[in-house]
2 protein chains.
Amino acid sequence: MHSFTEENYIKAIYKLLESNDETVSTNAIAERMNTKAASVTDMLKKLSAKKLVNYQKYQGVTLTAKGEKTALNIIRKHRLWEMFLVEKFNFTWDEVHDVAEQLEHIQSEKLIDELDKFLNFPKVDPHGDPIPDAKGKLHLQKSKPLSQFNIDDVCVITGVVDHSPSFLRYLDKQGFVLGNEIKIKDMADFDRSLQISVNKRASFFISNDVAKNILVIAKQI
Amino acid sequence: MHSFTEENYIKAIYKLLESNDETVSTNAIAERMNTKAASVTDMLKKLSAKKLVNYQKYQGVTLTAKGEKTALNIIRKHRLWEMFLVEKFNFTWDEVHDVAEQLEHIQSEKLIDELDKFLNFPKVDPHGDPIPDAKGKLHLQKSKPLSQFNIDDVCVITGVVDHSPSFLRYLDKQGFVLGNEIKIKDMADFDRSLQISVNKRASFFISNDVAKNILVIAKQI
DNA sequence: ATTTATTTTTAGACTTATCTAAATTTTAAT
DNA sequence: ATTAAAATTTAGATAAGTCTAAAAATAAAT
Ligand SMILES: [Mn+2]
Ligand SMILES: [Mn+2]
Ligand SMILES: [Mn+2]
Ligand SMILES: [Mn+2]
């Protein structure tokens, strides 16, 4: 139906729309896909002809309903496969992304339905990102970066902003695990670095840069 | 490393070498891949440049050691995925091939090692075909078509020659299952059709055409 | 040993996805 | 309102894989 390349463009556009403005620029897509603006323009024409995007020269691009549905299906597959690799195949959360990038393009409705069932219909992937259901419905959790909390706040780790293997391995080394409880013990004014305790263990420091990349929700008390 | 297309050519050449002569013709490859001879020639030059095949104009083609190793790895992945789909995802043996054709190209050593382990290192796939081990070693079983046996012979179903969904579904309907015991009750001289009993159930007729496509080994008595 | 038929290869063209360099449009700055 | 800068699009090329039609080589038939 759609080529791998088309699917990757659709997904990139979806992610850019998700995190930013109401339309996506040619350059933004080019940067995210590690290609040149000229290539993006060519592809936008193709996707537009297929009614996957709303595109007018120089005016940026958005996804059509059909394009969004396509994007959500690819993301569903990506996240289910990541979950599978971690839960069943002993992959760590920093290892799964590259393989999932390949697996997300496999076409078989039955395969994905069975995968979902096999994993017992998970709601979030190993990075805490929500998994769209078979209908493309996606339940967002209203989490915020840890950097937005204050001294004595207690919150629960729900995900990450930065998905890079190096950041994920850093979190592993520090003992951060999704679902763990973080208490902010102290905050330095000059750089907003934090002294925190994870699951009531010995406290330690993290930079504001790290805090901005850890997603949490306030603990219900 | 190698494109999907290159991998598919390598696999096709391997299969043709396996079942037939000592070299493979351009036309044979074209037929198997549903392409034209001209396209095959182009690809053979490319594979030759990559040292995957031994190719000289007009002289047919064979695989190099490197090419054969590549082929066996793809076949290993294909058959492990077929096994996985049947054992874990409720696929029937007539449904798995098309999905495995996609999955066989996923690149991740760890994924395949874990898949193998998850399935407890199976020796044969759902169709009875041998699965190469991680080193590319392949243990062939010396089975023969049921059509080569005679009245009163007892044998065990080990595989199929024809892998088409329609043949596999026919076998399902008749109650043939790998490992089942077949006893030949009678044979018609004029068309070599057989009256057989599977696992000592009520006997029925099969054509010589069917018998030629069921692989068996003589039952040890 | 020629002629004929078949197989295989080459030549040239097309599609998808990419690039660089040049042209155009939009946006920002004077 | 011009001019300058940035973003975007077009033009023209390239590489992978495919095709048709024509040429060349091999195999088969007389
Ligand atoms: Mn991922
Ligand atoms: Mn993820
Ligand atoms: Mn198969
Ligand atoms: Mn098989």
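Chain letters run A, B, ... following the sequence lines, proteins first and then strands; every chain starts at 1.
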Per atom distances to the A:Thr5 side chain, the nearest of D:dG17, C:dT18, C:dT9 is C:dT18
In terms of ring plane angle, is the pair B:Tyr170 and B:Phe167 parallel, tilted or perpendicular, where the classes change at 30° and 60°?
-> parallel
Rounded to whole Å, CG of A:Leu44 lies from P of C:dA17 at a distance of 13 Å
Whole Å only: how far is the CG atom of A:Asp42 from the P atom of D:dG12?
-> 14 Å
OP1 or OP2 of C:dT9 less than 4.0 angstrom from a side-chain nitrogen or oxygen of B:Thr26, does that happen here?
-> yes
Between A:Asn27 and D:dT8, does any side-chain N or O lie under 4.0 Å from OP1 or OP2?
-> yes
Is there a side-chain polar atom (N or O) of B:Lys36 under 4.0 Å from OP1 or OP2 of D:dT18?
-> no
Check: A:His97 ring centre within less than 6.0 Å of A:His127 ring centre = no
Establish, with yes or no, whether the OP1 or OP2 oxygen of D:dA23 is under 4.0 angstrom from a side-chain nitrogen or oxygen of B:Tyr58.
-> no
For D:dT10, take OP1 and OP2 only and decide whether either is under 4.0 Å from a side-chain N or O of A:Lys45.
-> yes
Quick note, B:Ala38 side chain, CB onward, closest among C:dT10, C:dT18, D:dT9 is C:dT10
Does A:Lys57 have a side-chain nitrogen or oxygen under 4.0 Å from the phosphate oxygens OP1 or OP2 of D:dT10?
-> yes
Compute the ring centroids of B:Phe4 and B:Tyr9, then answer whether they are less than 6.0 Å apart.
-> no
Could you give the CG-to-P distance, from A:Asn8 to C:dA17, as a whole number of Å?
-> 11 Å
Verify the contact: side-chain N or O of B:Lys46 to OP1 or OP2 of D:dA16, cut-off strictly under 4.0 Å; return yes or no.
-> no
Is it true that A:Arg76 and A:Glu104 make a salt bridge, defined as a side-chain N closer than 4.0 Å to a carboxylate O?
-> no
Over 12 foreign heavy atoms within 6.0 Å of NZ, B:Lys69 = no
N/O (side chain, B:Ser39) to phosphate O (OP1/OP2, D:dG17) under 4.0 Å = no
What is the distance from CE of A:Met33 to C1' of C:dT18, rounded to the nearest Å?
-> 11 Å
Please figure out whether A:Met43 or A:Gln59 has its closest DNA chain C nucleotide nearer the 5' end.
-> A:Met43
Contact class for A:Phe4 (heavy atom, under 4.0 Å): base, sugar-phosphate, or nothing?
-> nothing
Starting at CD of A:Glu31 and ending at P of D:dT8, how long is that distance when rounded to a whole Å?
-> 11 Å
Quick note, B:Ser3 side chain, CB onward, closest among C:dC19, D:dG17, D:dT20 is D:dG17
With heavy atoms under 4.0 Å as the rule, sort B:Tyr9 into base, sugar-phosphate or nothing.
-> sugar-phosphate
How would you label the contact of A:Thr41 with the nucleic acid (heavy atoms, under 4.0 Å): base, sugar-phosphate, or nothing?
-> base
